[in-house]
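Please read all numbers here as calculations on a predicted model, not as lab measurements. Note that these values count all heavy atoms, side chains included, but never hydrogens, waters or copies made by symmetry. Here is the naming used below: chain letters follow the sequence lines, and residue numbers restart at 1 for every chain.
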Number of protein chains: 2
Amino acid sequence: MSRPRDAAATKAALLDAATKLFGERGFDRTTVRDIANLAGVNQALLFRYFGSKDTLFATVLATQSRELLEDSPAEHLLRNVLLRMLEEKPRREDHPLYAVLRSSHHDSSAELVRRQLGEEYARALASLTDSDDAQLRADLVLAWIVGIGVLRTVFGKQPLAGADSADVAALVTKAASVLLEHTEAG
Amino acid sequence: MSRPRDAAATKAALLDAATKLFGERGFDRTTVRDIANLAGVNQALLFRYFGSKDTLFATVLATQSRELLEDSPAEHLLRNVLLRMLEEKPRREDHPLYAVLRSSHHDSSAELVRRQLGEEYARALASLTDSDDAQLRADLVLAWIVGIGVLRTVFGKQPLAGADSADVAALVTKAASVLLEHTEAG
DNA sequence: GTCGGATGTAAGCGACTGCTTACATGGGGG
DNA sequence: CCCCCATGTAAGCAGTCGCTTACATCCGAC
């Protein structure tokens, strides 16, 4: 009755379950038993295939950030990231920032992955302006995106959490354009 | 040799220690034994004076948010909050948002305190504009402040984390003024 | 002085955590 | 066919968690 033995499928099921739970609850409040139960496998397999909970978390972040960044050219990144943050029913497990935001996870390689993610976002955003403090301006825009995600999901702050995506995107892009505009008119 | 018995002082020492550790590590990664050790008292006293770790956390948040808001009139709130976020050596324990950001703490009364804190910030910010979507605009400004705090402390994102306070404040207030300006010129 | 409640302490309980180990089982290659 | 290793499972270990309990000790009221 049970599905045939398939290591790759089991590993994928564990990764999917971990992605969902880390995004919803953060690292600390997600247990390896929860992940294994959601994946429908024995929790010992988690350690066979990923080695440790830390490694699994790092793998989740790496996988998500790769998926998000691989098809977002710089000029569309702000829009893409913002829109995904603003989806009506935000699927928390789909956005790597959610797992990061819910996990104050200092040690282990997760810290490196987390920073790298921020670096990639910011580098892409910085290319949108030619100001000499482009990096700082990009960081501020990134900070805004992150903050909006926090208020919408962690805080559930109204009216922002329930606001229309287009309205929010319009306000943000309008204000952010002050930071990202080119210093000399084209 | 030990200080005289003083329940009020003991309680205050526990609250101070909890404020510091919750702000640095978040709720989950702070243990009651850590708090008691830092306060220099037996950990059983934490439960005598605060009942539970949850209650202590809620008390920390309530105390901090009261202190922050009580002497910040609306027109100075953005500046005050932003400047405190941008202090050179950010004393994480001093800003209630740090404890909140590091604690994905869903249940218990902490959720209520967290929302109330957001409500107070946003209400004050909303009074700065007369636009009909003032609340939404205020939420976006609040989101920005939160996001800057996250990038500076949780991520440690450079160059934002090491940027000059005045530079950051100038950029943010300039861009935020687009959102908070009055709809008809004075 | 002494008595009693307020204050502080040591020890441990039961639950849960990440992780390991010893063992069952199934399916493809000889 | 059968054997063997990849795959899956059950049980449990050692440590930590929040919290409780039983017991010392101090100090002010009388």
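Within the 4.0 angstrom heavy-atom criterion, no nucleotide atom of any strand lies near A/F50. Using a 4.0 Å heavy-atom cutoff across all strands shown, A/A44 reaches at least one base atom of the nucleic acid.
Relative ring orientation between B/F57 and B/F22 is described as perpendicular, the plane-to-plane angle rising above 60° on a 0-90° scale split at 30° and 60°.
Comparing B/R48 and A/R48 against DNA chain C, the residue whose closest nucleotide sits nearer the 5' end is B/R48. Residue A/D34 is the one, among A/N42 and A/D34, whose nearest nucleotide of DNA chain C lies closer to the 5' end (criterion: closest heavy atom).
The NZ-C1' distance, from B/K53 to D/dC17, rounds to 8 Å in whole Å. Straight-line distance from the CZ atom of B/R33 to the P atom of D/dT16: 10 Å, rounded to whole Å. Distance, A/Q43 CD to D/dT7 P: 18 Å, rounded to whole Å. Here the C1' atom of nucleotide D/dG18 and the CZ atom of B/R29 are 17 Å apart, to the nearest Å. Protein atom CG of B/N37 is 12 Å distant from nucleotide atom P of D/dG18, rounded to whole Å.
The closest donor-acceptor contact from the side chain of A/S131 to the backbone of A/A134 lies at 3.5 Å or more, if one exists at all. In this structure, A/D139 contributes its side chain and B/L160 its backbone to a donor-acceptor pair below 3.5 Å. Counting only distance, with no hydrogens or angles, the side chain of A/K53 and the backbone of A/T30 share a donor-acceptor pair below 3.5 Å. At least one donor-acceptor pair closer than 3.5 Å links the side chain of B/D164 to the backbone N or O of B/D167.
Evaluated for a side-chain contact (heavy atoms from CB on, under 4.5 Å) with B/F50, the options B/L15, B/L45, B/V60, B/I35 yield exactly one hit, B/L15.
Of all nucleotides in DNA chain C having an atom under 4.0 Å from a heavy atom of chain B, the first and last in 5' to 3' order are C/dA6 to C/dG12.
Picking from D/dC17, D/dC26, D/dT20 the nucleotide with the shortest atom distance to the side chain of B/R5 gives D/dC26.
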